[in-house]
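Data block below; observations after.
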Protein chains: 2
Amino acid sequence: MSFHGDSEVLLTPAEVASLFRVDPKTVTRWAKAGKLSSIRTLGGHRRYKESEVRALLGAASEAAEAEAAANAAAADPGKDDRQR
Amino acid sequence: MSFHGDSEVLLTPAEVASLFRVDPKTVTRWAKAGKLSSIRTLGGHRRYKESEVRALLGAASEAAEAEAAANAAAADPGKDDRQR
DNA sequence: AGTCATTGGGGTAATTGGGGGA
DNA sequence: TTTGTCCCAATTACCCCAATGA
């Protein structure tokens with residue numbers, strides 16, 4: 001069967017929790033605090049975008065990250081963004 | 001090739017399930033509960049409107065773009081969290 | 001006429017949400 | 001301040017097997 005696959009990959013709270021090595025409740029608090037975008041199922045359970053989680057996981061260089069981001073955001077078009 | 005109109009695209013339970021990252025049975029429960037409109041085949045299987053599914057997916061994705069807070073919120077006392 | 005993946009139905013564990021307290 | 005754990009209620013996931021769809 002064919003899949004018109006153009007959907008974002010979603011993660012369950014348990015998966016995000018094990019990725020960060022925290023309790024699922026903690027992930028829920030991040031979503032409540034607005035630190036994580038959450039998509040809710042029709043029953044109220046949350047699902048998280050895998051792309052966003054991975055971006056947060058890869059944000060290891062925090063200190064100078066903000067300034068570097070601002071720097072690269074407005075210059076050098078053409079050699080970044082390699083995903084999807 | 002069968003002509004697919006451009007207004008009524010129907011999705012199978014498996015497709016809706018992978019969109020929401022849930023089990024196909026869960027999608028069936030949503031249809032039973034009236035949370036999703038379902039079109040039944042002559043044999044009793046359900047089909048769902050892609051437009052409706054997409055609307056529900058985006059409905060709850062009110063992205064809280066407070067991501068910067070997570071990055072530099074640790075050094076800005078005075079104006080955060082005012083709940084509890 | 002067949003195969004084979006998917007779906008429906010029912011029932012039972014596991015996960016999740018929300019509030020509260022350590 | 002952030003996280004982990006307690007409670008309970010609701011939602012979801014996995015098990016079976018028979019019927020449908022392609």
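Here is how names work: the chains are called A, B, and so on, in the same order as the sequence lines, proteins then strands, and each is numbered from 1. Worth saying up front: this structure is predicted, and the values here are computed from it rather than measured.
- D:dA18 atom C1' lies 10 Å from atom NE2 of B:H45, rounded to whole Å.
- Phosphate proximity of D:dT3 to A:W30: present, with a side-chain N or O under 4.0 Å from OP1 or OP2.
- For the side-chain contact (heavy atoms from CB on, under 4.5 Å) with A:V53, the qualifying choice from A:V27, A:V9, A:V16 is A:V16, the only one to do so.
- For A:R47, counting side-chain heavy atoms from C-beta on, the closest listed nucleotide (D:dA22, C:dG17, D:dA13) is D:dA13.
- Each of A:R46 and B:Y48 has a nearest nucleotide on DNA chain C; the 5'-most of these lies closest to B:Y48.
- Dashed line: the shortest gap from a side-chain N or O of A:T26 to OP1 or OP2 of D:dT3 is not under 4.0 Å.
- For the pair A:R40 CZ and C:dT15 P, the computed distance is 19 Å after rounding to whole Å.
- Between B:D23 atom CG and C:dT16 atom P the separation is 14 Å, expressed in whole Å.
- In this model, the phosphate group of C:dT6 is not approached by any side-chain N or O of B:T12 to a distance below 4.0 Å at OP1 or OP2.
- The listed nucleotides are C:dT7, C:dG9, D:dA13; the one nearest the side chain of B:P13 is C:dT7.
- Pairing of D:dA22, defined by two Watson-Crick or G-U wobble distances under 3.5 Å, is identified with C:dT3.
- For the pair B:E15 CD and C:dA5 P, the computed distance is 18 Å after rounding to whole Å.
- In this structure, B:T26 and B:F20 have side chains that are not in contact, with every pair of non-hydrogen atoms separated by 4.5 Å or more.
- Using a 4.0 Å cut-off between a side-chain N of Lys or Arg and a carboxylate O of Asp or Glu, B:R21 and A:E15 qualify as a salt bridge.
- The shortest side-chain heavy-atom distance between A:T28 and A:D23 does not fall under the 4.5 Å cut-off.
- Between the C1' atom of D:dA13 and the CZ atom of B:F20 lies a distance of 17 Å, rounded to the nearest Å.
- If you take CZ of B:R21 and P of D:dT12, they are 14 Å apart, rounded to a whole angstrom.
- Spacing between atom CZ of B:R29 and atom C1' of D:dA10 amounts to 12 Å, rounded to whole angstrom units.
- Residue B:T28 places none of its side-chain N or O atoms closer than 4.0 Å to OP1 or OP2 of C:dT7.
- Candidate nucleotides D:dT20, D:dT2, C:dT15 were compared by shortest atom distance to the side chain of B:T41, and D:dT20 ranks first.
- Here C:dG19 sits opposite D:dC6 as a Watson-Crick or G-U wobble pair (both hydrogen-bonding atom distances under 3.5 Å).
- To the nearest angstrom, P of D:dC7 lies 12 Å from NZ of A:K25.
- Side-chain contact between A:R47 and B:V22 is present, with heavy atoms from C-beta onward closer than 4.5 Å.
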